[in-house]
Structure formats: C-alpha cells, structure tokens
Student: 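Once you've had a glance at the structure underneath, I'll fire off some questions.
Note that the structure is a prediction, hence the values are computed from the model and not measured. Side chains are part of it too, since the values below use all heavy atoms of this structure and drop only hydrogens, waters and symmetry mates. Letters go in sequence order (proteins before strands), and every chain restarts at 1.
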Number of protein chains: 2
Amino acid sequence: MTAIIERCEAKGLRMTGQRRVVAQVIGASKDHPHVEELYARASKIDPKISLATVYRTVKTFEAEGILEKLEFGDGRARYEDAERAHHDHLIDVESGQVIEFSDPDLEALQVKIAARLGYELIGHRLELLAIPIKQR
Amino acid sequence: MTAIIERCEAKGLRMTGQRRVVAQVIGASKDHPHVEELYARASKIDPKISLATVYRTVKTFEAEGILEKLEFGDGRARYEDAERAHHDHLIDVESGQVIEFSDPDLEALQVKIAARLGYELIGHRLELLAIPIKQR
DNA sequence: TTAAATGCAAAGGTTTTGCTCTGAC
DNA sequence: GTCAGAGCAAAACCTTTGCATTTAA
C-alpha cells in the first residue's frame, strides 16, 4: 500500500502544495467524500486552495490511475484511492451509509462473464442497494 | 412483460398525452438513451413536448418503480424500463458499446454477500468495463 | 528560467423549479 | 369544475475553462 503522494511522484507529477493537500485529505478519508467535501477538508489545511484546483487535481489523479471516480446516483462525483478501491459498495438505502466489501468469488465470476461475452475485464463498478435486516 | 403505459395506469398515474409519448419512446428503445435523447425522440411524435416535461416524467416513473435510472459516468442520467432492467451492463471501453447480460449465479452471489453483511438486497447496479478479446 | 499549476470569475452542461395556462378525470 | 400536469424561461447545481499570476523543477 503506497501513499498517494508517492505514487504521484512515481508518475512524475509536479507536486504542488495544493496537490499534496488533496492527496493527504483523500488518503485520510475513510468515507467517500464528493469534491465539494474534499474542498472543505482541504480548506482546513490550506485556506487559500480553490475549488477549481481540487477539481483539476482529482481529475489529474484519476487520469493517472491514482484515484477512482465513483458515482452513487446523487449527481456528484466521489473519489477514492485506487489502491484502496479494490472493493465494492453496499449502500444502505435507509441511512445512506456506505459499506465496503470485496469478494473473490464475485471478482472471478465477473471475469468469467466478460470472457463468455468475448471481452477481457479491465474494471467494474458495483453497488448493492439494501436495507438492514431487522433483528427481533 | 407488461407495457409501461399499463403499469402507469395500474399505479393510478394520470395519463397525459406527453406521458404516453415518453412511455412509448422508452418502450421502443433498445439502447440506453439519456434524457436529451429521449426528448429528441419524443419530439418526433409530439413536437410540442418540453424538455422539462420529459425530465419530470422520467422522475415520476422512476419514483413509481416503472423505470430505472442508470449512470454510465458521463454525467448524464439514462433510463430504462425497470422490467427490462433485470440485467447488467458490460461497457466496451473502446467503442462505447453497451452489452446487456444477466447471470443468475451473479444475482445469487449478491444476495449472499448482502446477507453476510446483515442486509437484505433490494437492488444493484453493476457495470463491467472491458475490451474486446482480439481474435487472430 | 520556463512550462505547468493556481485562483478567480465567468461559462458550460445537466437538471430542477416558479408560475401561468391547459387538460385529464 | 378541479387539481395535477405542461410549457416556458429562469435558476440551481456541479463541473470546466480562460486568463493573469504564481511556482515547482
């Protein structure tokens, strides 16, 4: 598990103060903040950072494969560390809580399905929508 | 497989001319048109229909469970018949082509995973991103 | 030094909304 | 006849962009 900043340097990205802040904020996030939220968190570290820079930074990082873009259906993009992104999401539709999981059988099955259709799998997006099982 | 219009009536929705047109257009679509495209197709049938009405209609239909909202990551919502939506999508990232598939094992596995996390599955969204296997 | 990145504000694209008028029931 | 729905244009969102200024390498 390499830090985001290290991967940026390895890719030869110019490491500005703002990019370090965005990298740090995403690295420290255990949830799935959208861009405005990243901006809010980044602003606490660097009050001068602009929203446009946050947008440009996540886009650059995504293009380099350092971050992954998620869409949960609310019209706002969310980003997460691509190294941490090797999992899927279960969305609790009652509370909005997002639970991460990963399942090797599921991964394997997806590869198999793609192959059956004549394709090589290079990625996937999966969200399970669910409600908590009530205990009694 | 019931027609969209019939399901609207069964839900007690007021069936205006515009809603019939939108229902007809979606029912006849075998691809995954976004709203602007639905509007274009609907306009051929009813040149007076407005974009706002198309937006309001798909939103209403979605709220009734008649349509399902899809997001393929381009920032535009797409809608498809919920009865036909019992499948997933494989996106050919080279051509942008979207292939529909469904796999009972996959469905079963998802139910199992949700249960393991303490949830009851009520829906899912899955997109496989893939490239064609080159033949020689 | 110098090309690349930032900040700001303005523009872009998609989706929603206020208000008046129309039409389905 | 009524009230939900339609049309229009304006507004609201999220995101991108042009340009002058700053900064990493």
Student: I want to verify a distance call: between dG7(C), dG7(D), dT15(C), whose nearest atom is closest to the Asp46(B) side chain?
Tutor: dG7(D)

Student: dT14(C) P sits how many Å from Phe72(B) CZ, rounded?
Tutor: 16 Å

Student: Let me have the donor-acceptor pairs involving side chains of residues 109-120 of chain A, under 3.5 Å, with sequence neighbours excluded, atom names and distances please.
Tutor:
{"residue": "Gln110(A)", "atom": "OE1", "partner": "His124(A)", "partner atom": "ND1", "Å": "3.1"}
{"residue": "Arg116(A)", "atom": "NH1", "partner": "Asp103(B)", "partner atom": "OD2", "Å": "3.1"}
{"residue": "Arg116(A)", "atom": "NH2", "partner": "Asp103(B)", "partner atom": "OD2", "Å": "3.3"}
{"residue": "Tyr119(A)", "atom": "OH", "partner": "Asp92(B)", "partner atom": "OD2", "Å": "3.0"}

Student: Does dG7(C) have OP1 or OP2 sitting under 4.0 Å from an N or O in the side chain of Thr53(A)?
Tutor: yes

Student: How would nucleotides 16-25 of chain D be written as a contact map, 5' to 3', with B for base contact, S for sugar-phosphate-only contact and - for no contact, using protein heavy atoms under 4.0 Å?
Tutor: BBB----BBS

Student: Can you list every pair that meets ring-ring contact (aromatic ring centres under 6.0 Å, His included) and has a residue in residues 6-32 of chain A, with sequence neighbours left out?
Tutor: His32(A)-Phe72(A), His32(A)-His89(A)

Student: Could you check how far CD of Glu71(B) sits from P of dT15(D), rounded to whole Å?
Tutor: 11 Å

Student: Round to a whole Å and report the spacing from CD1 of Ile49(A) to C1' of dC8(C).
Tutor: 14 Å

Student: Between Leu70(B) (CG) and dT14(C) (P), how many Å, whole number?
Tutor: 17 Å

Student: Roughly how many Å is it from CG in Asp74(B) to C1' in dT14(C), rounded to a whole number?
Tutor: 11 Å

Student: For the residue pair Thr53(A) and Ser50(A), confirm or rule out a side-chain donor-acceptor distance under 3.5 Å.
Tutor: yes

Student: Taking atom C1' of dC8(D) as reference, at what distance in whole Å does atom OH of Tyr39(B) sit?
Tutor: 10 Å

Student: By the salt bridge (Lys or Arg N to Asp or Glu O under 4.0 Å) test, which pairs, at least two apart or in different chains, include something from residues 41-55 of chain B?
Tutor: Asp31(B)-Arg41(B), Glu37(B)-Arg41(B)

Student: Just the rounded figure in Å: distance from P of dT14(C) to NE2 of His34(B).
Tutor: 7 Å

Student: How would you list all residue pairs meeting side-chain hydrogen bond (donor to acceptor under 3.5 Å, both in side chains) that involve residues 4-14 of chain B, not counting sequence neighbours?
Tutor: Arg7(B)-Asp81(B)

Student: Checking Gln24(B) now: which residues fulfil side-chain hydrogen bond (donor to acceptor under 3.5 Å, both in side chains) with it, not counting sequence neighbours?
Tutor: none

